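Written out below as C-alpha cells is the structure these notes cover.
Bear in mind that the values here come from a model prediction, so they are computed numbers and not experimental data.
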Amino acid sequence: MAHGSTDSSKTSNWAAWSISLVNGFWGDYLHDHGNGLAVEMALYAHNRPLTLTAERLVALHPQPSPKLCILVHGLSCNEHLWSFVPPQEADSQPEQVDYGTLLQAEFGCTPFYLRYNTGLSVAENGKSLAILLQTLCDCYPIKVEEMVLIGHSMGGLVLRSACHYARQHHESWAKRVTDIFYLGTPHDGADLERVAYSAAGALQAAPNSITRLVGKALNSRSRGIKNLRYGTLLEPDVIDEGWDDLAHHHHRAVPWLPHARHYLVGGTLNGNPAHIASVLFGDGLVAVPNNVNKAVPVEHIRLFPGIRHIQLAQRWEVYEQIAAWYRQGESK
C-alpha cells in the first residue's frame, strides 16, 4: 500500500495521524459526545474509507483473490503505520511497501487495512470489526476461502475479541481464518498502563488539590488505554473501577480461535534479550511474549532483539518471519 509523496498526501497523512493520536487518548469521550473528530471504523484505501460494494472492491482490486489479509493497527495509529521502505530500496528510488502488499505479491493475498477509534474499548471495537468483516465477505466479488489476520499491539486484542464475537454470533468469516499474527500484542497486559493506573490512583488520593487534579487528568485516559492493563477483551466498562479479579476473569474467558494458527512476535529495547532493560520493559511498551496459557506452540513465538514496539509493524525481517510461518502453514 504505497502512499503518494505529494504535498497534499503528506498533509492528509499528517491530519490522519493527529486525529488518530487524539482518538487514542480521548476517543471514547469524542464518540460518546458525538464529536466529529471521533474516527468511525472502516477499511481504508488512499486515506479514505472504503465503500463495501462489489463494484468498489473490484475497482480497488481488479483481480481479487479468494485469500484476504486484514491488517489492524494499534493504539493512536492508523493504516499508515504499516508502510516502510525495504532494505534493497534504501539506496535507490524508495518505494514503500507493507506486510499486506508483500503477502499479496508473494502469496496472492488481497490486503485490506483497518482504521478505527482506539480510544473505544477493545470489546466495542471487536464487535464492530466482527460485523465489518462479515460485510466484507458478503459483498466480496468472489468467494472468500481464507483470511489472514495481522494485528499490531492493541490490534491483536481487537482481532481476538472480533473472533470471539463472530463465533458467538455464528458469523461465517471466522471459519475462514487460517492464520493470526500478533505483533507486540499485550495478551497479558501492558506494564506501562499498570503504572499509569497506579499513578493516577496515588495522585488522586493525595491531600494536595493540585496533585489530585493531575491524577484526575491522568485518569481521564480512554477506555481503550485502560483495557491494556490486563489485555481485556470483553465488556470492560465496570472493570475500570478496580475490579481486578473480574478483569482477569474476562481476559481468561476468551478462547483463542481454535481452528486457526496463532503466532506471537515481540521485540526488545536492547539487542541483548537478557539485558535488564529487555527483561523489564520488553519492546518499550509490551513485555517479551511468552507461551500464553500454552495456547501458542513455542515454534510460533519469535523474539526480535533490538526491534522496538512500533518497529514490529515496519521491519523486513519481521515480514520474512511472517512469510516463513505462512508458507509453512500453507504446506500442511
Side-chain angles (χ1 to χ4, degrees), residues 31 39-45 49-58 60-61 64-74 79 100 103 108-118 120-182 185 187 223-224 227 231-237 250-263 292 295-296 326 329-330:
H31 175 271
V39 172
E40 294 291 336
M41 179 181 286
L43 298 171
Y44 267 67
L50 180 61
T51 302
L52 293 184
T53 64
E55 295 76 16
R56 183 67 184 91
L57 293 177
V58 169
L60 180 65
H61 296 292
S65 164
K67 298 189 290 186
L68 306 187
C69 176
I70 311 298
L71 294 93
V72 182
H73 62 75
E79 74 281 4
L103 286 171
C109 300
T110 301
F112 291 94
Y113 306 84
L114 188 74
R115 185 188 295 188
Y116 66 103
N117 182 344
T118 58
L120 296 179
S121 70
V122 169
E124 291 172 279
N125 281 320
K127 288 179 182 179
S128 297
L129 180 56
I131 295 170
L132 183 65
L133 292 182
Q134 188 60 54
T135 303
L136 173 63
C137 287
D138 290 343
C139 72
Y140 199 67
I142 62 175
K143 182 180 178 181
V144 176
E145 297 177 358
E146 296 181 19
M147 292 184 72
V148 176
L149 309 179
I150 303 178
H152 178 257
S153 194
M154 176 189 282
L157 299 180
V158 172
L159 284 173
R160 281 189 63 197
S161 181
C163 290
H164 173 73
Y165 287 116
R167 291 191 71 212
Q168 277 192 326
H169 295 87
H170 308 289
E171 294 175 350
S172 61
W173 69 263
K175 299 176 184 178
R176 297 177 170 86
V177 175
T178 58
D179 303 85
I180 310 179
F181 300 93
Y182 307 95
T185 295
H187 294 287
R223 295 193 292 270
N227 282 174
T232 305
L233 303 174
L234 299 183
E235 299 292 352
D237 298 336
H250 277 254
H251 170 67
R252 302 300 179 192
V254 179
W256 298 63
L257 192 63
H259 62 271
R261 295 178 288 265
H262 301 270
Y263 306 90
V292 185
V296 181
Y326 182 71
E330 288 283 277

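At distances below 3.5 Å, not a single donor-acceptor pair connects side-chain atoms of His164 with backbone N or O atoms of Ala123. Counting only distance, with no hydrogens or angles, the side chain of Thr185 and the backbone of Ser153 share a donor-acceptor pair below 3.5 Å. Looking only at distances, a side-chain donor or acceptor of Gln134 sits under 3.5 Å from a matching main-chain atom of Ser172. Not one N or O on the side chain of Glu79 forms a donor-acceptor pair closer than 3.5 Å with the backbone of Ala45. Within the 3.5 Å criterion, the main-chain N or O of Val296 finds no donor-acceptor partner in the side chain of Tyr263. Of the possible donor and acceptor atoms, none in the side chain of Asn125 sits under 3.5 Å from a partner among the backbone N and O of Val158. The backbone N or O of Val177 lies less than 3.5 Å from a partner atom in the side chain of His259, making a donor-acceptor pair. Not one N or O on the side chain of Thr178 forms a donor-acceptor pair closer than 3.5 Å with the backbone of Glu146. Within the 3.5 Å criterion, the main-chain N or O of Thr110 finds no donor-acceptor partner in the side chain of Ser65.
Within the model, atoms CD1 of Ile70 and OH of Tyr113 stand 10.0 Å from one another, a figure rounded to the nearest 0.5 Å. Leu120 CG to Lys127 NZ: the interatomic distance, rounded to the nearest 0.5 Å, is 12.0 Å. Expressed to the nearest 0.5 Å, how far CD1 of Ile142 lies from NE2 of His61 amounts to 11.5 Å. Between the CD atom in Glu171 and the CG atom in Asp138 there is a gap of 9.0 Å [rounded to 0.5 Å]. Trp256 contributes atom CH2, which lies 7.0 Å from atom NE2 of His262 (distance to the nearest 0.5 angstrom). Note that CG of Leu43 is 8.0 Å distant from CG of Leu129, once rounded to the nearest 0.5 Å.
Here the closest non-hydrogen pair linking Leu50 and Arg56 is CD1-CG, 3.6 Å. Between Ala42 and Pro49, the shortest heavy-atom distance links the atoms CB-CB, 3.9 Å. Across all non-hydrogen atoms, the minimal contact from Pro255 to Arg167 is CG-NH1, 4.3 Å. Of all non-hydrogen atoms in Tyr165 and Gly126, the two that sit nearest each other are CD1-C, 4.1 Å.
Within the 6.0 Å centre-distance limit, the rings of Tyr116 and His73 are counted as a close aromatic pair.
Between Leu157 and His187 there is a side-chain heavy-atom pair separated by less than 4.5 Å. At a threshold of 4.5 Å between non-hydrogen side-chain atoms, the residues Leu71 and His152 do not count as touching. The shortest side-chain heavy-atom distance between Met41 and Asn117 does not fall under the 4.5 Å cut-off. Taking 4.5 Å as the limit, some side-chain heavy atom of Leu52 sits within range of a side-chain heavy atom of Leu132. Side-chain contact between Ser161 and Glu124 is absent, with no heavy atoms from C-beta onward closer than 4.5 Å. Put simply, the side chain of Leu57 reaches to within 4.5 Å of the side chain of Cys139, judged on heavy atoms. Two residues are said to be in side-chain contact when any heavy atoms from C-beta on lie closer than 4.5 Å; Phe112 and Leu133 fail this criterion. By the 4.5 Å heavy-atom criterion applied to side chains, Phe181 and Val148 are counted as neighbours.
When Cys69, Pro66, Cys109, Cys137 are each tested for a side-chain contact (heavy atoms from CB on, under 4.5 Å) with Met147, only one passes: Cys137.
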**OP:** Please assess Ile180 against Cys163 for the test side-chain contact (heavy atoms from CB on, under 4.5 Å), listing each intermediate value before the final yes or no.
**Re:** CA-CA 10 Å; Ile180 310 179; Cys163 290; 4.1 Å; yes

Original post:
Between Tyr140 and Trp173, does a ring-ring contact (aromatic ring centres under 6.0 Å, His included) hold up when you go through it step by step?
Top reply: CA-CA 12 Å; Tyr140 199 67; Trp173 69 263; over 10 Å; no

